[in-house]
K.L.:
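Below is one structure. I have some questions about it.
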Amino acid sequence: MTSSSAMISFIFFLLLCFTYSSASGSSLRVGFYQKTCPAVERIVKNAVKKAISSNPGIAAGLIRMHFHDCFVRGCDASVLLKSTPGNRAELEHLANNPSLRGFEVIDEAKAQIEAVCPGTVSCADIIAFAARDSAYKVGGINYAVPAGRRDGRVSIEEEVAQNLPSPSFNAEQLARNFARKGMSVDEMVTLSGAHSIGVSHCSSFSQRLYSFNATHPQDPSLDPRYAAFLKTKCPPPNTGAGGDPTVALDIATPNRLDNKYYTELKNNRGLLTSDQTLMNSPSTTGMVVNNARQGALWANKFARAMVHMGSLDVLTGTQGEIRRHCSFVN
């Protein structure tokens, strides 16, 4: 990072600290645990750093976990709850299992926090801190996290499909999905940049390779050389190959959270339909091009959008609870 880019990022971090010292429409605030559990952010940061040092893919899992949590019932850690007799939780849905990773990081941080600050820090806040620390570890993107979320007591599998965007969505469908959460089209395109890291199962995009439509078995918007590479990783469905392999969402910098994702979209190498549509749709093409050109600006927008997402439909005050164990209600 150049000195000018570093200065821009530092100034933007200070602005985020000021702007989001009290999250709009909620009781979230930066420094929420300053008096009650001052070590919390250090504990989470160390747990995240340790995990990512061993397995860089954990960063994508923790950022995705925050997104999947906030878009279903708000940022209340409902994504962490295990099923109970008579109720299948969000964790059971295909979008979360086996796709999400990093649960052990949240559990480790929670155990350490409970040892020094019992009954004080919510699992929802731990997820938010861990997502931020992941973005910093693999992308140098830092921002202040307003805290004060409470944990929800309900988790329902069916609500996942009702709220999370599908990998087959086009730009218009994605925009509507984010709009229902009060987020803009630009925020949607900005947060899609999280696909600069992580992997996807072949089943999420194999239709683009083998059964796109009646006229084109292969999606014509897909770079032919990239498609050929993907076919070496993902055999045709129903061939008896077994399993569901994974492929990096961004082959350029798979372990670095950066704006190269948008460059790949310009080159028709977006892995999911919901990725490539951002370049192919007139309403979002310009945003993709700008993000590809201006990495520092995209990183700043990403930080701001993460803070906004982290404030969606939160429980605060006396709502919900502070779980003793993140997988179960008290």
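All residue numbers refer to positions in the sequence shown, counting from 1.
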K.L.:
Taking atom types as modelled and ignoring hydrogens, do the side chains of S221 and N268 form a donor-acceptor contact shorter than 3.5 angstrom?
P.N.:
no
K.L.:
Please determine if D133 and K49 form a salt bridge, counting it only when a charged side-chain N lies under 4.0 Å from a carboxylate O.
P.N.:
no
K.L.:
Just checking R176: does its CZ atom have more than 12 heavy atoms from other residues, nucleotides or ligands closer to it than 6.0 angstrom?
P.N.:
yes
K.L.:
Without swapping roles, check the side chain of R101 against the backbone of G57 for a donor-acceptor pair under 3.5 Å.
P.N.:
yes
K.L.:
How close do L80 and C326 get, heavy atom to heavy atom, and via which atoms?
P.N.:
CB-O, 3.5 Å
K.L.:
Between CG of L81 and CG of L91, what distance do you get to the nearest 0.5 Å?
P.N.:
8.0 Å
K.L.:
Less than 4.0 Å between a side-chain N and a carboxylate O, is that true for D125 and R149?
P.N.:
yes
K.L.:
Side chains of Y226 and I251: does their closest heavy-atom pair fall under 4.5 Å?
P.N.:
yes
K.L.:
Give a yes or no answer on whether the side chain of S327 reaches the backbone of K82 with a donor-acceptor pair at less than 3.5 Å.
P.N.:
no
K.L.:
Can you tell if the side chain of Q112 reaches within under 4.5 Å of the side chain of V44, non-hydrogen atoms only?
P.N.:
no
K.L.:
Out of R73, E90, H68, which one pairs with S78 under the side chain to side chain donor-acceptor pair (under 3.5 Å) rule?
P.N.:
E90
K.L.:
Under 4.5 Å between any side-chain heavy atoms of M309 and F71, yes or no?
P.N.:
yes
K.L.:
Going by heavy atoms in the side chains, are Q276 and L272 under 4.5 Å from each other?
P.N.:
no
K.L.:
Before giving the answer on side-chain contact (heavy atoms from CB on, under 4.5 Å), spell out for V40 and C117 the whole-Å C-alpha distance, their side-chain angles and the decisive distance to 0.1 Å.
P.N.:
CA-CA 8 Å; V40 59; C117 312; over 6 Å; no
K.L.:
Taking all non-hydrogen atoms of both residues into account, name the closest pair between L265 and G270 and its distance.
P.N.:
CD2-CA, 3.5 Å
K.L.:
Decide whether D244 and S203 meet the rule of one side-chain donor and one side-chain acceptor closer than 3.5 Å.
P.N.:
yes
K.L.:
Tell me whether N163 contacts the main-chain N or O of E159 through its side chain, where contact means a donor paired with an acceptor under 3.5 Å.
P.N.:
yes
K.L.:
Would you call V160 and V79 a side-chain contact if the rule is heavy atoms closer than 4.5 Å?
P.N.:
no
K.L.:
For the backbone of M188 and the side chain of S192, can you confirm whether one donor and one acceptor N or O come within less than 3.5 Å of each other?
P.N.:
yes
K.L.:
Report the C-alpha separation of V30 and V145 in whole Å, then their side-chain angles, then the decisive distance to 0.1 Å, and conclude whether the side-chain contact (heavy atoms from CB on, under 4.5 Å) test is met.
P.N.:
CA-CA 6 Å; V30 173; V145 176; over 6 Å; no
K.L.:
Hey, could you give me the CD1/CD distance between I156 and E92, rounded to the nearest 0.5 Å?
P.N.:
13.5 Å
K.L.:
Determine whether a donor-acceptor pair (N or O, by modelled atom type, separation under 3.5 Å) exists between the side chain of R153 and the backbone of G320.
P.N.:
yes
K.L.:
Do Y143 and F302 have ring centroids that are under 6.0 Å from one another?
P.N.:
no
K.L.:
When rounded to the nearest 0.5 angstrom, what is the spacing between OG1 in T277 and CG in N280?
P.N.:
6.5 Å
K.L.:
Looking at H308, is its backbone amide N or carbonyl O close enough to the side chain of S311 to form a donor-acceptor pair, meaning the two atoms are under 3.5 Å apart?
P.N.:
yes
K.L.:
Check E114 with K110, please: is the shortest side-chain N to carboxylate O separation under 4.0 Å?
P.N.:
yes
K.L.:
Assess, by modelled atom type and distance only, whether the side chains of D275 and Y261 contain a donor and an acceptor separated by less than 3.5 Å.
P.N.:
yes
K.L.:
Looking at Q34, I want to see if its CD is surrounded by more than 12 non-hydrogen atoms of other residues, nucleotides or ligands under 6.0 Å.
P.N.:
no
K.L.:
R150 side chain to G317 main-chain N or O, any donor-acceptor pair under 3.5 Å?
P.N.:
yes
K.L.:
Quick check: does any side chain N or O of D69 sit under 3.5 Å from a backbone N or O of A77, one acting as donor and the other as acceptor?
P.N.:
yes
K.L.:
Charged N to carboxylate O under 4.0 angstrom, K45 versus E41?
P.N.:
no
K.L.:
Can you check whether I52 reaches V138 side chain to side chain, under 4.5 Å on heavy atoms?
P.N.:
yes
K.L.:
Does the side-chain contact (heavy atoms from CB on, under 4.5 Å) test come out yes or no for C234 and V247, once each step is laid out?
P.N.:
CA-CA 8 Å; C234 303; V247 176; 3.8 Å; yes
K.L.:
Would you compute the distance between atom CG of L249 and atom CZ of R269 and round it to the nearest 0.5 angstrom?
P.N.:
14.5 Å
K.L.:
Check this for me, if you would: do K50 and E108 make a salt bridge, where the nitrogen-to-carboxylate-oxygen distance has to be below 4.0 angstrom?
P.N.:
yes
K.L.:
With rounding to the nearest 0.5 angstrom, report the CG to CZ distance, N330 to R324.
P.N.:
4.0 Å
K.L.:
Between Y262 (side chain only) and V189 (backbone N and O only), is there a donor and an acceptor less than 3.5 Å apart?
P.N.:
yes
K.L.:
Assess whether side-chain contact (heavy atoms from CB on, under 4.5 Å) is satisfied between N96 and E157, documenting all intermediate values.
P.N.:
CA-CA 10 Å; N96 294 329; E157 180 187 15; over 6 Å; no
K.L.:
At their closest point, which heavy atom of A194 faces which heavy atom of L257, and how far apart are they?
P.N.:
CA-CD1, 3.9 Å
K.L.:
Quick one: does any side-chain atom of W298 pair with a main-chain N or O of D258 as donor and acceptor, under 3.5 Å?
P.N.:
no
K.L.:
Can you name the nearest heavy-atom pair linking T120 to Y33, along with the distance?
P.N.:
O-CE2, 3.4 Å
K.L.:
Answer whether the closest heavy-atom distance between the side chains of M183 and L312 falls below 4.5 Å.
P.N.:
yes
K.L.:
For K260 versus A252, what's the shortest heavy-atom pair and its separation?
P.N.:
CB-CB, 4.5 Å
K.L.:
Do L297 and N291 come close enough that some side-chain heavy atom pair is under 4.5 Å?
P.N.:
no
K.L.:
What heavy-atom pair brings K233 and P235 nearest, and what distance separates the two atoms?
P.N.:
O-CD, 3.7 Å
